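Shown next, in structure tokens, is the structure this report addresses.
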Amino acid sequence: MQNLLHNLNPEQLAAVTLPAQSALILAGAGSGKTRVLTTRIAWLIQTAQVSPAGVLAVTFTNKAAKEMMSRLSAMLPINTRGMWIGTFHGICNRLLRAHYRDAGLPQTFQILDSADQLAAIKRLLKALNVDDEKYPPRNLMYFINGAKDQGLRAHEVEANDDYNRRFVQLYEAYDNQCQREGVVDFAELLLRTYELMSRNQPLREHYQARFRHILVDEFQDTNNLQYNWLKLMAGEHNAVFAVGDDDQSIYAFRGANVGNMVAFEREFRVQNLIKLEQNYRSHGHILDTANTLIANNSKRLGKNLRTDAGHGEPVRIYEASSDIQEAQWIIEQSKSLIGEGALRSEIAILYRSNAQSRVIEHALFTAGIPYRVYGGQRFFERAEIKHAIAYLQLMDNPHNDSAFLRVVNFPTRGIGARSIEQLQDAARQYGISLYAAVPYVAGKAGSSLGSFVKLVEGMRFETQNLPLQEMVKVMLDMSGLIPHYQTEKEGADRIENLEQLVSAAMLFVNEEGFGIDTPAFLGPKAQEVAGTPLPNGDELIDADAPLVTVMSPLSAFLSHASLEAGDNQAQAGQDALQLMTVHSAKGLEFDAVFITGLEEGLFPHENSAQEQGGLEEERRLMYVAITRAKKRLYMSFSQTRMLHGQTRYNMKSRFFDELPEAALKWLSPKVQHQWFGNKKSAWDDAPEVGANNIAQSFARKDVGWRIGETVSHQKFGEGVIVNIEGGGTNSRAHINFGKHGMKLLDLNIAKLERVAG
DNA sequence: ATCCCGACCTTTTTT
DNA sequence: AGGTCGGGAT
């Protein structure tokens with residue numbers, strides 16, 4: 001115990017050893033948040049305030065859950081498997097599996113990922129003959145998920161006009177379709193669990209009696225449904241230990257509600273609010289930069305990070321003439337960092353949007369520097385894996401129409417669009433699944449569909465007593481997937497992936513312990529409650545009864561595949577530069593960080609201007625970006641940039657005006673140097689204004705002004721000349737004034753002034 | 001069944 | 001610019 005608390009600072013120690021009441025921990029970037037969370041759990045268990053089974057720890061990502069799990073097993077000499085540490089979705093899945101009857105789901109219900117959900121919606125619209133121009137599937141999906149994230153069923157959604165009333169109808173129809181097929185989407189996992197717990201008192205009381213301590217990571221990212229779910233699980237008496245950072249709330253666009261932090265303080269009667277402000281990550285100048293920037297936000301709970309490290313290096317800022325040149329500069333700087341002994345994997349290049357990576361990747365590729373891009377396609381999202389999974393889904397639950405449609409004619413077996421249409425008509429007529437409707441289709445179509453059904457049934461029969469990985473192997477063989485890809489020229493990679501699916505199944509069996517009897521770990525009180533029969537006569541099973549009694553290995557593996565899409569880093573292993581969006585950098589840290597494309601319209605993104613609180617969220621995003629850096633921070637922006645096939649002339653980001661000058665070092669001169677050239681290598685020094693080599697891309701029009709030039713207008717402020725038309729006495733300029741928008745001004749009338757910098 | 005062309009879109013993303 | 005998707009032609 002001594003060594004458990006041994007290296008904590010006073011605030012961390014206070015947080016870890018708080019009494020068993022709800023508490024809010026405001027944990028700044030790099031303040032040891034995960035450490036506090038895991039040490040809190042270890043301390044509670046070690047001091048016998050709670051048994052491992054009485055702990056519920058919730059995260060957003062599998063990665064965070066795994067991290068907590070592994071740190072805990074390092075701290076405690078107990079089997080962490082009995083503990084409930086997982087994502088919101090993972091935990092809800094577990095609860096729904098154990099109580100599927102009470103939740104009104106089939107035992108083998110399956111989970112739709114976003115792509116499956118969209119496909120299901122498209123199918124629904126087609127079946128109902130809905131004009132998908134007027135009601136775009138994607139919008140309907142946002143509508144449905146948005147409603148579910150608010151905890152609202154179709155009949156609870158308020159619709160004030162015909163258009164929205166139609167959306168509500170379609171939401172209802174979508175839920176019916178899902179129910180018929182035995183599938184649930186991500187939001188449904190949460191909503192269904194919420195409804196289960198709120199309606200079923202014995203069940204609710206059982207779990208409330210069990211989970212005396214609920215711990216939540218990244219609390220600022222919770223949406224309203226998740227918040228209410230926590231409230232339900234906590235009941236009146238349990239302690240919720242919420243850890244979060246309002247300054248790092250960057251997911252409002254997907255329903256996260258920072259307001260939950262304030263609500264939590266009030267509704268959970270929080271007596272203890274502890275701020276972790278000691279930062280162990282960044283040097284002083286970097287931290288000052290972050291603090292000064294974020295101070296411009298009005299809606300904050302208030303927090304200022306401090307560090308014991310010295311000032312360190314200043315934050316370097318660079319103005320490039322083009323996105324290509326920006327990339328070259330990044331490469332030069334990276335090379336020199338690597339030359340000084342930096343690890344490539346400790347250098348991150350961050351951008352606001354994915355489109356920006358292309359130019360950087362190209363430059364890195366040309367320079368022969370290894371790099372790794374985060375955020376690509378993930379293992380379980382690959383087409384061939386999706387196909388294989390669909391076969392497995394049909395073996396487990398043949399009424400999953402999405403799965404049926406995906407593979408009924410893949411590999412091709414002569415079942416064309418006509419046959420499918422006939423089948424869909426029959427299914428609609430009888431209100432049954434496609435699989436069940438096959439006997440109602442006559443003729444040639446009926447017989448080819450019939451042999452597909454026989455195939456699926458054959459696969460199920462052949463594999464019923466086999467271990468999971470053997471099951472997958474047999475499926476791959478019988479389905480014809482492997483032979484199909486063998487004949488395809490680009491098929492080798494796909495076959496390799498399919499073989500990896502077999503390994504994934506084996507790994508899953510070993511890790512989840514299927515076949516090994518995992519003992520249920522029930523606290524005394526929980527066991528008492530567990531004996532209580534439910535009103536409907538079902539016996540109350542605790543959800544951590546051995547998984548095998550709750551679901552088959554196949555069902556479990558399929559949930560795993562949906563809930564954990566796998567790594568998305570293609571080229572692991574090698575020591576490589578790290579490229580990613582600012583969003584995906586959250587939670588990570590690097591010795592050196594480049595924040596690129598710091599321009600008005602890009603960062604802050606132009607779309608954010610329309611949104612309520614959009615600018616503040618962009619600023620938090622910038623704050624997240626800055627606080628990723630440990631020792632070196634570089635920021636860059638460019639005068640021109642290719643975006644969507646067009647050259648854009650952006651002003652530098654307004655965020656530069658919000659940074660502390662004393663912490664910065666401007667590498668590029670704050671004057672118009674770009675057309676009057678200079679040696680790139682000498683940009684550290686004062687520019688030679690008036691030198692005479694004009695860069696080709698900025699040919700000067702003979703009107704006194706240049707494209708790309710920054711000007712100032714009395715009414716509109718600063719702007720960038722985007723285009724000039726006409727000439728002489730009849731010349732007009734398109735000028736991008738940022739906040740004021742694009743203006744077309746007559747150059748002979750408008751009073752423009754040159755702006756230095 | 002497959003292939004090719006043109007229309008369309010383009011912030012951020014986990015489960 | 002570049003990728004995806006759907007429709008129409010082969």
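Please read these numbers as outputs of a predicted model, since none were measured by experiment. In what follows, chains are A, B, ... by sequence order, proteins preceding strands, each numbered from 1.
- If you measure from atom CD of A/Glu361 to atom P of C/dG3, you get 11 Å, rounded to the nearest angstrom.
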Given the rule in the ring pair (Phe, Tyr, Trp, His ring centres under 6.0 Å) test, do A/Phe219 and A/Phe264 qualify, once you have shown the distances and angles that lead to the verdict?
-> CA-CA 10 Å; A/Phe219 190 80; A/Phe264 177 77; 5.0 Å; yes

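- Using a 4.0 Å heavy-atom cutoff across all strands shown, A/Ser114 reaches at least one base atom of the nucleic acid.
- Under the 30°/60° scheme for interplanar angles, the aromatic rings of A/Phe211 and A/Trp84 are found to be tilted.
- Closest approach to the A/Met642 side chain among B/dT12, B/dT13, C/dA1 is made by C/dA1 (side chain taken as heavy atoms from C-beta onward).
- Nucleic acid contact for A/Lys122: sugar-phosphate only, since backbone atoms but no base atoms lie under 4.0 Å from a heavy atom of the residue.
- Phosphate proximity of B/dT15 to A/Asn145: absent, as no side-chain N or O sits under 4.0 Å from OP1 or OP2.
- Note: CD1 (A/Ile91) to C1' (B/dT14) measures 15 Å, nearest angstrom.
- Without hydrogens or angle criteria, A/Ser555 side chain to A/Asp396 main chain gives no donor-acceptor distance under 3.5 Å.
- Contacts of A/Asn354 with the nucleic acid, taken as non-hydrogen atoms under 4.0 Å apart, involve only primed sugar atoms and P, OP1 or OP2.
- B/dT12 and C/dC5 are spaced 16 Å apart, taking the P atom of each and rounding to whole Å.
- The aromatic rings of A/His583 and A/Phe253 lie perpendicular to each other, with more than 60° between the two planes, well past the 30° mark.
- Taking atom CG of A/Leu96 as the reference point, atom P of B/dT15 lies 18 Å away to the nearest angstrom.
- Comparing B/dT10, B/dT15, B/dT13 against the side chain of A/Thr581 picks out B/dT13 as the nearest.
- Within the 4.0 angstrom heavy-atom criterion, no nucleotide atom of any strand lies near A/Asp132.
- Comparing atom distances between the A/Thr61 side chain and each of B/dT13, B/dT10, B/dT15 picks out B/dT15 as nearest.
- Look at A/Arg254 and you won't find any side-chain N or O under 4.0 angstrom from OP1 or OP2 of B/dT15.
- Between the CD atom of A/Gln110 and the C1' atom of B/dT15 there is a distance of 17 Å, given to the nearest Å.
- Using a 4.0 Å heavy-atom cutoff across all strands shown, A/Phe88 reaches no nucleic acid atom at all.
- Between A/Lys586 atom NZ and B/dT11 atom P there is a gap of 21 Å when expressed in whole angstrom units.
- Enclosure of atom CD in A/Gln486 by more than 12 non-hydrogen atoms of other residues, nucleotides or ligands within 6.0 angstrom is indicated.
- Checking B/dT12, B/dT15, B/dT2 against every side-chain atom of A/Arg352, the shortest atom distance belongs to B/dT12.
- Applying the 5.5 angstrom centroid cut-off and the 30 degree plane-angle cut-off, the aromatic ring of A/Phe253 is stacked upon the base of B/dT12.
- To the nearest angstrom, P of B/dT2 lies 13 Å from CZ of A/Arg413.
- Residue A/His605 and nucleotide B/dT11 are classified as a stacked aromatic pair, their ring centres being separated by less than 5.5 Å at an interplanar angle below 30°.
- Nucleotides of DNA chain B nearest to A/Asn409 and A/Tyr251 differ in position, and the one nearer the 5' end is that of A/Asn409.
- Ranking B/dT11, B/dT13, B/dT15 by closeness to the A/Ser584 side chain, first place goes to B/dT13.
- Regarding A/Glu218, its CD atom lies at a distance of 14 Å from the C1' atom of B/dT15, rounded to whole Å.
- Under the 30°/60° scheme for interplanar angles, the aromatic rings of A/Phe508 and A/His560 are found to be tilted.
- Summarising the geometry, the separation between CD on A/Glu564 and P on B/dT14 is reported as 13 Å, rounded to the nearest angstrom.
- Remark: A/Asn62 is in phosphate contact with B/dT15, judged by side-chain N or O atoms under 4.0 Å from OP1 or OP2.
- Counting any heavy atom pair closer than 4.0 Å across all strands shown, A/Glu611 reaches a base atom.
- Comparing A/His644 and A/Lys63 against DNA chain B, the residue whose closest nucleotide sits nearer the 5' end is A/His644.
- Note on ring orientation: taking the six-membered ring where Trp is involved, the planes of A/Phe656 and A/Phe637 are tilted (angle from 30° to 60°).
- Out of B/dT12, B/dT15, B/dT14, the shortest distance to the side chain of A/Ser353 is found at B/dT12.
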